[in-house]
Each structure stands twice: as C-alpha cells, then as structure tokens.
Amino acid sequence: MTEVSSLTGRLLVATPALADPNFDRSVVLLLDHDDEGSLGVVLNRPTPVTVGDVLAPWADLAGEPGVVFQGGPVSLDAALGVAVIPGDEGPLGWRRVHGAIGVVDLEAPPELLGPALGSLRIFAGYAGWGPGQLETELGDGAWYVVESEPGDVSSPTPETLWRQVLRRQRGELAMVATYPDDPSLN
C-alpha cells in the first residue's frame with residue numbers, strides 16, 4: 001500500500017454534494033489518520049443529552065453547551081473526550097492530536113485533568129473509515145480538507161460551525177458557506 005499523508009488534526013468539511021445523511025453539513029475533526037484507516041468526531045452535532053446525564057464526574061468540565069455530541073455513526077454507546085489544553089505540556093490522561101487539541105482518557109480522574117483543561121467536549125460514537133476509504137471519498141469530492149483551530153472544538157454555537165469554518169477559508173471555498181440548505185428553492 002502506498003504511504004498515506006496524515007490528515008490527523010485537520011477538519012473534514014462536508015461538501016454540499018455529500019449524500020450521506022450522517023454527514024450532511026458536518027465538520028469532522030480527524031483524531032487519527034494513517035494507512036490503517038481514519039477516526040474522527042463530528043463537531044457540530046449536539047444532542048439533547050447533558051454530559052451530567054451520562055458522565056456526571058465530567059459535567060463541570062464540559063464547555064457550553066454542556067451536552068453530549070454525536071461524534072459519528074460508529075459505536076454510539078462509546079464516549080470519547082476531546083479537549084483543548086493551552087501550553088506545551090499536557091497532563092497525564094490527555095494525548096495530543098494536533099496543536100492544543102487532544103483526546104482525554106475518560107477513565108482518568110477528572111480532578112487530575114480539570115486544572116489543565118481549556119475546554120472539553122464529550123462525544124457519543126465516532127466517524128470511522130477503513131484503509132483507503134477516506135481517500136476514495138476525498139477523490140470523489142465528498143469532503144473539503146481544511147486546517148483546524150482550537151476554537152472549533154469548543155464553539156459555543158456548533159450548529160453554525162459548518163458555515164463558520166467555510167467562511168474563514170480563502171477564495172471560492174468561502175463562497176460555499178452561502179450554499180442554501182435546499183438549492184431547489186432557488
């Protein structure tokens with residue numbers, strides 16, 4: 001197999017042409033990407049379930065809105081934590097993904113990580129791709145690949161994140177942010 005250039009830490013932004021309802025107008029943060037596959041979480045799918053309802057010890061550390069996010073269609077019964085940690089060194093129980101963004105070990109005591117956390121999001125499930133599957137979708141034009149920013153993980157208005165991320169891009173890609181929800185109404 002040819003070597004895959006890692007996209008770990010970057011965002012996948014669904015193109016308007018992406019037909020899968022699981023990813024309609026989604027923004028996915030890639031937590032792992034290599035020749036064995038890819039794993040990420042959808043940053044803009046809040047659920048009505050509060051973090052306190054499912055992971056009470058982490059509730060006080062979760063950023064606003066303090067709800068669980070649907071991270072993707074795979075393993076919806078599994079929880080994943082993503083946090084932004086300012087500075088160069090992260091605490092035990094946190095693995096750097098890219099820049100200040102990392103994955104939190106939700107089995108670790110929250111009081112161990114709490115003082116270091118800049119923000120925390122809890123995700124139920126994840127988005128996953130087998131070897132070469134994401135590359136095929138990229139080749140088919142299903143995703144835009146853009147740089148992530150720490151604020152993407154903790155956006156207080158996740159429902160607007162798709163447009164926000166596209167709007168900050170240069171050139172024609174910024175224009176996609178104005179794409180109507182239903183183009184047939186134009």
Side-chain angles (χ1 to χ4, degrees), residues 1-47 67-84 95-104 121-155 157-186:
M1 174 175 251
T2 60
E3 187 175 322
V4 173
S5 176
S6 180
L7 299 176
T8 299
R10 302 204 50 205
L11 297 177
L12 299 177
V13 181
T15 68
L18 184 60
D20 185 339
N22 289 306
F23 296 107
D24 182 47
R25 295 197 178 218
S26 65
V27 177
V28 177
L29 172 65
L30 283 175
L31 301 175
D32 285 305
H33 176 253
D34 57 28
D35 59 357
E36 295 179 20
S38 304
L39 181 140
V41 289
V42 178
L43 297 177
N44 59 333
R45 296 278 191 273
T47 72
V67 298
V68 175
F69 283 67
Q70 184 176 344
V74 182
S75 295
L76 291 172
D77 57 343
L80 228 158
V82 176
V84 174
R95 178 183 61 86
R96 185 176 311 280
V97 171
H98 177 74
I101 302 168
V103 176
V104 174
R121 280 275 156 83
I122 303 294
F123 298 89
Y126 63 91
W129 294 265
Q133 186 179 5
L134 178 57
E135 289 72 21
T136 299
E137 290 183 18
L138 291 171
D140 291 343
W143 301 99
Y144 302 118
V145 179
V146 301
E147 294 298 323
S148 63
E149 294 181 2
D152 297 332
V153 172
S154 57
S155 172
T157 55
E159 58 282 345
T160 65
L161 191 60
W162 186 82
R163 290 189 194 281
Q164 289 173 16
V165 169
L166 287 171
R167 200 172 292 124
R168 73 176 184 234
Q169 305 309 309
R170 296 181 185 261
E172 291 182 21
L173 195 51
M175 293 299 294
V176 177
T178 65
Y179 196 83
D181 292 333
D182 186 353
S184 68
L185 297 177
N186 277 351

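Only heavy atoms go into these numbers, but all of them, side chains included; no hydrogens, no water, no symmetry mates.
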Can you tell me how far the [atom1] atom of [X] sits from the [atom2] atom of [Y], to the nearest 0.5 Å?
X	Y	atom1	atom2	result
Arg167	Thr178	CZ	OG1	9.0 Å
Gln133	Ser38	CD	OG	8.5 Å
Leu18	Leu12	CG	CG	10.0 Å

State, with a plain yes or no, whether a side-chain heavy atom of [X] is found less than 4.5 Å away from one of [Y].
X	Y	result
Leu80	Leu31	yes
Leu29	Val97	no
Phe23	Val42	yes
Arg168	Asp152	yes

Keeping the roles fixed (side chain from [X], backbone from [Y]), state whether a donor-acceptor pair exists under 3.5 Å.
X	Y	result
Thr15	Ala142	yes
Asn44	Ser155	no
Ser26	Ala14	no
Thr47	Val68	yes
Arg45	Gln70	no

Report task. Would you sort out whether Phe123 and Leu43 count as a side-chain contact (heavy atoms from CB on, under 4.5 Å), showing the intermediate values? Result -> CA-CA 9 Å; Phe123 298 89; Leu43 297 177; 3.8 Å; yes

Where do [X] and [Y] come nearest, in terms of heavy atoms and distance?
X	Y	answer
His33	Ser6	O-OG, 3.1 Å
Ser148	Ile101	OG-CD1, 3.9 Å
Val74	Gly128	CG2-N, 4.1 Å
Asp34	Glu36	OD1-N, 2.8 Å
Pro131	Asp35	CB-O, 3.6 Å
Pro73	Ala127	CD-CA, 4.3 Å

Requested in this report: Could you please spell out the steps behind the side-chain contact (heavy atoms from CB on, under 4.5 Å) verdict for Trp162 and Asp24?
Outcome: CA-CA 10 Å; Trp162 186 82; Asp24 182 47; over 6 Å; no

Just to verify, what does [X] make a side-chain hydrogen bond (donor to acceptor under 3.5 Å, both in side chains) with, not counting sequence neighbours?
X	answer
Asn22	Asp20
Thr160	Thr157, Gln164
Glu137	Trp129, Trp143
Glu147	Arg10

Report task. List the steps, then state whether side-chain contact (heavy atoms from CB on, under 4.5 Å) holds for Leu166 with Tyr144. Result -> CA-CA 9 Å; Leu166 287 171; Tyr144 302 118; 3.9 Å; yes

Query raised in the report: Considering residues at least two apart in sequence or located in another chain, which fulfil the salt bridge (charged side-chain N to carboxylate O under 4.0 Å, His left out) criterion with Arg95?
Result: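 Listed in chain order: Asp32.
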
Query raised in the report: What pairs with Glu159 under salt bridge (charged side-chain N to carboxylate O under 4.0 Å, His left out), at least two apart in sequence or on another chain?
Result: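 Glu159 satisfies salt bridge (charged side-chain N to carboxylate O under 4.0 Å, His left out) with no other residue.
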
**Report entry** Audit row: Val82, Val104, side-chain contact (heavy atoms from CB on, under 4.5 Å) steps and yes/no
**Finding:** CA-CA 6 Å; Val82 176; Val104 174; over 6 Å; no

